[in-house]
Amino acid sequence: MEKIKISLFIDRENKNKTVQLIGDSKVADLLKELNINPVTVIVSRNSELILEDEKLNDNDEIKILSVISGG
Amino acid sequence: MINLKLNCCSEKPVTSLYSGEKLCKNHFTEYFENKVFKTIRQFNLIEKDENIGVAISGGKDSLTVLSILNRLSKENPKIKIIAIAIDEGIAGYRDRTLITAKEFCDKNNINLNIFSYREEFGLTLDEMLKILDVKPCTICGIFRRYLLNKKSRELKLTKLATGHNLDDECQSIFMNQMRNDLKASARLGPKAGLLNSEKFVPRIKPLYLCTEKEVTTYAFINGLLDNFNECPNAIHSFRAQVRDTLNDLENKFSGTKYSIVNSFLQTLPYLKEKFKNGEIKICTSCSEPSSNGICNACIYVEKLKNQVALQN
């Protein structure tokens, strides 16, 4: 199956990275691939929040923001 | 197959609730604010005539509380709001969050009062941790609670609001169970504390029934989200481990955190009743309330002084 390339920024790691996923992947698949618990993050694309069942597109720029703060 | 996950309207959804309902930006904001106002009413957190301090760090939880209570204050002029921040002296973390706190208060014309460990106790937290072999969250929690209560009373506040959310409460309940410390649990709840005294300024938690994810979603939508996360000292704490465990459970069994807090709320009146007769002593060193002859803050100040003297 065709693959898509996703550019990521993960704020908890303060890191940019790129991942490849199969064509019809959703946000939930991306989080699973990264081993991130969906309860602990919100996800945005083009400064808009997106849900776990949202389909990802080739060359999407995604931000994964941790909900954990303080201390 | 019937899709039970209904959208609120034709706008693009930005979040889905525990019930499965998907909400757009505007409907989520309305849902969240209504939930906070309902919490305030349900637990009688704020009366008609109050002088409220909001403890802020510059993080999303405290700025969310401040933003919502500031709106409440504008709609009800007898409810007055000020902000209080504690500068523990954690390089690379608190200095950055305090800039956000100042900017927010300036922009919204909110009086901000900052008190620091260095000014009040002579050293920053970073310096204290180089001197004493103690868990950072233990000593920091003692000094922080001490200063917040003392300064709130000096500022003649009737209540102190904090940004504690459902996740925080759930973690505390879980930790107290693991430590077999029911008395500590009796101090929890949307109106924190156990014993009434003019020495204690009552603490309230308007975000009590909001999950951390809901608060973050609200903060993101309303431009209150900071760019920094966890305190560097908290990452390996007992609380962090409990938090991760609870988040794993929540992911597998949706609604776990709500269930824990809701069942706790049913037992809380019995806990408060059981421990209501404790005695409040006055610290012989600083005259602040204490459970012993000398309060924990003064005990640590003394330990720090002794260590500094030994090193010199």
Side-chain angles (χ1 to χ4, degrees), chain A residues 1-2 4-71, chain B residues 3 5 7 12-16 22-25 28 57-62 88 90 93-94 97 136-137 140-141 163-165 167-168 211-221 225-235 237 239-240 243-244 246-252 254 256-257:
Chain A
M1 186 180 264
E2 198 180 318
I4 55 171
K5 195 172 81 178
I6 309 291
S7 300
L8 287 175
F9 173 72
I10 305 175
D11 75 337
R12 195 134 197 242
E13 298 170 12
N14 197 20
K15 207 184 266 182
N16 289 296
K17 59 167 96 170
T18 306
V19 292
Q20 285 205 330
L21 298 169
I22 54 168
D24 58 355
S25 294
K26 295 178 177 177
V27 172
D29 300 314
L30 172 66
L31 296 179
K32 201 171 175 186
E33 174 74 23
L34 297 166
N35 202 20
I36 292 175
N37 179 348
V39 171
T40 65
V41 292
I42 56 172
V43 181
S44 77
R45 174 169 59 195
N46 302 328
S47 306
E48 290 287 337
L49 292 179
I50 53 174
L51 297 180
E52 277 173 64
D53 59 2
E54 189 97 18
K55 200 172 166 299
L56 295 167
N57 305 312
D58 196 22
N59 296 319
D60 266 353
E61 290 185 4
I62 300 292
K63 279 187 183 172
I64 299 177
L65 308 171
S66 173
V67 307
I68 294 160
S69 65
Chain B
N3 182 7
K5 295 191 171 182
N7 288 9
K12 194 175 175 307
V14 295
T15 193
S16 59
K22 294 178 179 178
L23 299 182
C24 72
K25 211 186 283 187
F28 174 74
S57 62
K60 63 174 176 24
D61 301 286
S62 57
E88 303 94 342
I90 307 169
Y93 175 68
R94 185 59 73 222
T97 69
C137 300
C140 188
H164 288 97
N165 58 44
D167 288 51
D168 298 320
T211 66
E212 189 136 44
K213 185 156 178 162
E214 285 177 329
V215 179
T216 312
T217 302
Y218 181 85
F220 181 93
I221 291 170
L225 198 59
D226 46 32
N227 293 317
F228 24 79
N229 294 303
E230 211 171 352
C231 170
N233 295 320
I235 291 169
S237 66
R239 179 173 287 276
R243 178 195 67 207
D244 293 345
L246 284 167
N247 283 334
D248 284 343
L249 287 169
E250 181 70 35
N251 192 30
K252 286 177 190 143
S254 181
T256 294
K257 289 187 265 195

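Heavy atoms only: backbone and side chains are in, while hydrogens, waters and symmetry mates are out. Just so it is clear, the structure is predicted and the values come from calculations on it, not from any experiment. Proteins come first, then strands; the chains are lettered A, B, ... in the order of their sequence lines, and each starts at number 1.
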- Item | Other residues, nucleotides, ligands: >12 heavy atoms within 6.0 Å of A/Glu61 CD | no
- Euclidean distance, A/Ile68 CD1 relative to B/Asn247 CG, rounded to 0.5 Å: 5.5 Å
- Message: With a 4.5 Å cut-off on side-chain heavy atoms, are B/Val14 and A/Leu51 touching?
- Response: no
- Note on the structure: Residues passing the side-chain hydrogen bond (donor to acceptor under 3.5 Å, both in side chains) test with B/Lys25, sequence neighbours excluded, are A/Glu48
- Would you check if A/Leu49 and B/Ile221 make a side-chain contact, meaning some heavy-atom pair closer than 4.5 Å? yes
- For B/Lys257, is it the side chain, the backbone, both or neither that has a heavy atom under 4.5 Å from a heavy atom of chain A? side chain
- Note on the structure: Those residues at least two apart in sequence (or on a different chain) that pass side chain to side chain contact (heavy atoms under 4.5 Å, CB included) with A/Asn16 are A/Phe9
- Identify the residues of residues 31-43 of chain A whose heavy atoms come closer than 4.5 Å to a heavy atom of chain B, ordered by number, or report 'none'. A/Asn37, A/Pro38, A/Val39, A/Thr40, A/Val41, A/Ile42
- Message: How about NZ on A/Lys55, more than 12 heavy atoms from neighbouring residues, nucleotides or ligands closer than 6.0 Å, or not?
- Response: yes
- Query: With sequence neighbours excluded, what pairs up with B/Lys213 under the side-chain hydrogen bond (donor to acceptor under 3.5 Å, both in side chains) test?
  - Reply: none
- Query: Contact part of B/Asp168 toward chain A, heavy-atom cut-off under 4.5 Å: side chain, backbone, both or neither?
  - Reply: neither
- Task: Kindly indicate whether the side chain of B/Lys60, heavy atoms from C-beta on, has any atom under 4.5 Å from the side chain of A/Leu65.
- Result: no
- Considering all heavy atoms, the nearest A/Ser44-B/Phe220 contact: CB-CZ, 3.8 Å
